[in-house]
There are 2 protein chains.
Amino acid sequence: MPRSALTTEEIEAFRERITDAATHLFAEQGFEALTMRAIAIEIGCSPMTAYRYFDGKDDIFTSVRARAFARFADNQEAIARAKHADARSKLAALGRAYIDFALAEPDSYRVMFELTQPGVSADGELAEQGLRAWTPLYEAVRACVAEGELAGDPLVHAHLCWAKVHGLVTLHLSGKLQMGAGIGELYDCVIADLLQSVRPVAAPA
Amino acid sequence: MPRSALTTEEIEAFRERITDAATHLFAEQGFEALTMRAIAIEIGCSPMTAYRYFDGKDDIFTSVRARAFARFADNQEAIARAKHADARSKLAALGRAYIDFALAEPDSYRVMFELTQPGVSADGELAEQGLRAWTPLYEAVRACVAEGELAGDPLVHAHLCWAKVHGLVTLHLSGKLQMGAGIGELYDCVIADLLQSVRPVAAPA
DNA sequence: AGTTTTTGATTGACAACGTAAAATATACGA
DNA sequence: TCGTATATTTTACGTTGTCAATCAAAAACT
């Protein structure tokens, strides 16, 4: 019949090459340099070749985001696997790692959270890696509940912890913070605040 | 000599018309619909006319962002002017108003914080309105310090408060929160956490 | 072996984008 | 009325994402 159809592995390999090129271009020269033709040059093929492996540019970008989430999830999972004195210090370590990752790779963090346009499907690889990235923090908070360090709903408190680090990182990366130096102190405080909020507190008004 | 040059007021009026049209287009059909030619149609003139009043599309977009910040600043200042029982309840009210604004006008909030590309100048109308929007929160925290509700650096704590509400709102608007309902509870908790963090606490580890 | 058929990759083209340059319209001082 | 400085439009160029048509290659059947 036909020329031997591409294996699933071959397809996945090519998808990975394209995602690699796109990730590289984005990290190197920013979003507006992420072009179909630029990707094609990087790959060494025609601009239309990518269309056989992706639905279009948005799909490629979604793949880039999923990869960024995957690397972030790897990072968080590694911290979660490491030994910690107790649940609270584990949570603090996860928060530190979260911030460190975002500041070490601001482009990755931006592509994960900032350039999110509505209309992307909630399922697929992106959702899966996003869940992976979120799980360590959630489990750490649940552990704090199990050890009696936390009174309320773990889901609520985990979201609160996430919002604190995410908010500070986002404001920092977009240049909104008014304090030039002393940012380190600010991050210390947000970590301390993470731990403080998981102590039993009076019910909110 | 020449045909009478445009007055400063006329120029400002035209700039406002363009900003109006751009704001409207963005809120109505999203970012990708914000086009030079679409603005021109909305205004009723040629696509190149806007270039006499703005440096280009980025400049127009910056003006849209400045306007969004201005409306947000108006909102915050109104809350700050109102009467409150004490400094802590004033801070809580500002936090509530922050969240309410962001959820009521997600497009405005997004244009303020999400689509921020590096390279925009830090001065001008945008920076001015951004400062206006930030000041009420900062002053409220400073008042908490003055009333002995807060031990540390007001600048640090104000940034922390900002990060908390901004982080939660941003995660919510980008669809990252895992809790379908119960979001109201989450926002209640972040407000409570705002107040809790301005109580004297032990020095961070 | 030669032809057909199926699949992958390329080329060409199109509409839309931002915007530089050239051309045109407009209104006042002479 | 005419000249000139200013406001606006027209034209055009390079780039973008992507559809349609074309090309290339390789396995299967005659």
Side-chain angles (χ1 to χ4, degrees), chain A residues 1-26 28-65 111 115 117-120, chain B residues 1-19 21-26 28-65 111 115 117-121:
Chain A
M1 278 193 171
R3 103 191 233 178
S4 63
L6 290 180
T7 335
T8 309
E9 295 87 21
E10 287 173 316
I11 292 181
E12 201 52 44
F14 213 115
R15 282 175 60 95
E16 197 145 342
R17 280 186 61 196
I18 293 175
T19 306
D20 275 343
T23 300
H24 183 257
L25 275 171
F26 177 80
E28 207 78 7
Q29 300 170 251
F31 177 69
E32 75 282 353
L34 187 53
T35 296
M36 284 292 134
R37 288 164 172 86
I39 292 174
I41 292 177
E42 196 102 348
I43 297 293
C45 62
S46 160
M48 287 303 295
T49 306
Y51 282 85
R52 192 160 300 269
Y53 301 91
F54 287 96
D55 287 344
K57 191 187 182 183
D58 286 355
D59 196 23
I60 295 178
F61 196 71
T62 298
S63 181
V64 172
R65 296 179 61 207
V111 83
L115 296 170
Q117 63 269 15
V120 296
Chain B
M1 278 192 171
R3 111 188 228 179
S4 62
L6 291 179
T7 338
T8 309
E9 295 87 20
E10 286 173 317
I11 291 180
E12 202 51 45
F14 214 117
R15 283 176 59 96
E16 197 143 344
R17 278 187 62 197
I18 293 174
T19 307
T23 300
H24 183 256
L25 274 170
F26 176 81
E28 207 77 10
Q29 301 170 253
F31 177 69
E32 76 281 355
L34 188 51
T35 297
M36 284 293 133
R37 290 166 170 87
I39 292 174
I41 293 177
E42 197 100 350
I43 298 291
C45 61
S46 160
M48 289 302 294
T49 305
Y51 283 84
R52 190 160 300 270
Y53 301 91
F54 287 95
D55 288 342
K57 189 186 181 183
D58 286 355
D59 196 22
I60 296 177
F61 196 71
T62 299
S63 180
V64 171
R65 295 179 62 207
V111 83
L115 297 170
Q117 64 270 17
V120 296
S121 63

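The basis for the numbers below is simple: all heavy atoms, side chains too, and nothing from hydrogens, waters or symmetry mates. In the text below, chain A, chain B and the rest are named by the order of the sequence lines, each starting its count at 1.
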Using atom [atom1] of [X] as one end and atom [atom2] of [N] as the other, report the distance to the nearest whole Å.
X: A/Ile60; N: D/dT16; atom1: CD1; atom2: C1'; result: 14 Å
X: A/Gln29; N: D/dT15; atom1: CD; atom2: C1'; result: 15 Å
X: A/Ile43; N: C/dG8; atom1: CD1; atom2: P; result: 17 Å
X: A/Glu10; N: D/dA26; atom1: CD; atom2: P; result: 13 Å
X: B/Phe61; N: C/dG18; atom1: CZ; atom2: P; result: 12 Å
X: A/Ile11; N: C/dA9; atom1: CD1; atom2: C1'; result: 14 Å

Q.
Which heavy atom of B/Ser63 sits nearest to which heavy atom of B/Thr19, and what is that distance?
A. OG-OG1, 2.8 Å
Q.
Using every non-hydrogen atom in the two residues, find where B/Ile39 and B/Ala21 come nearest and quote the distance to one decimal.
A. CG2-CB, 4.4 Å
Is any side-chain heavy atom of [X] less than 4.5 Å from a side-chain heavy atom of [Y]?
X: B/Ile60; Y: B/Met36; answer: yes
X: B/Asp59; Y: B/Tyr53; answer: no
X: A/His24; Y: A/Asp20; answer: no
X: B/Thr8; Y: B/Glu12; answer: no

Q) Is a donor on one side and an acceptor on the other found under 3.5 Å between the side chain of A/Thr35 and the backbone of A/Arg37? A) no
Q) According to the interplanar angle, ranging from 0 to 90°, do the rings of A/Phe26 and A/Phe61 count as parallel (below 30°), tilted (30 to 60°) or perpendicular (above 60°)? A) perpendicular
Q.
Can you list, in residue-number order, the parts of residues 45-55 of chain A that come under 4.0 Å of DNA chain D, counting heavy atoms only?
A. A/Met48, A/Tyr51
Report all interatomic pairs (protein N or O, nucleotide N or O of nucleotides 13-17 of chain C) with separations under 3.5 Å.
from   : atom 1 : to      : atom 2 : distance (Å)
C/dC17 : OP1    : B/Thr35 : OG1    : 3.4

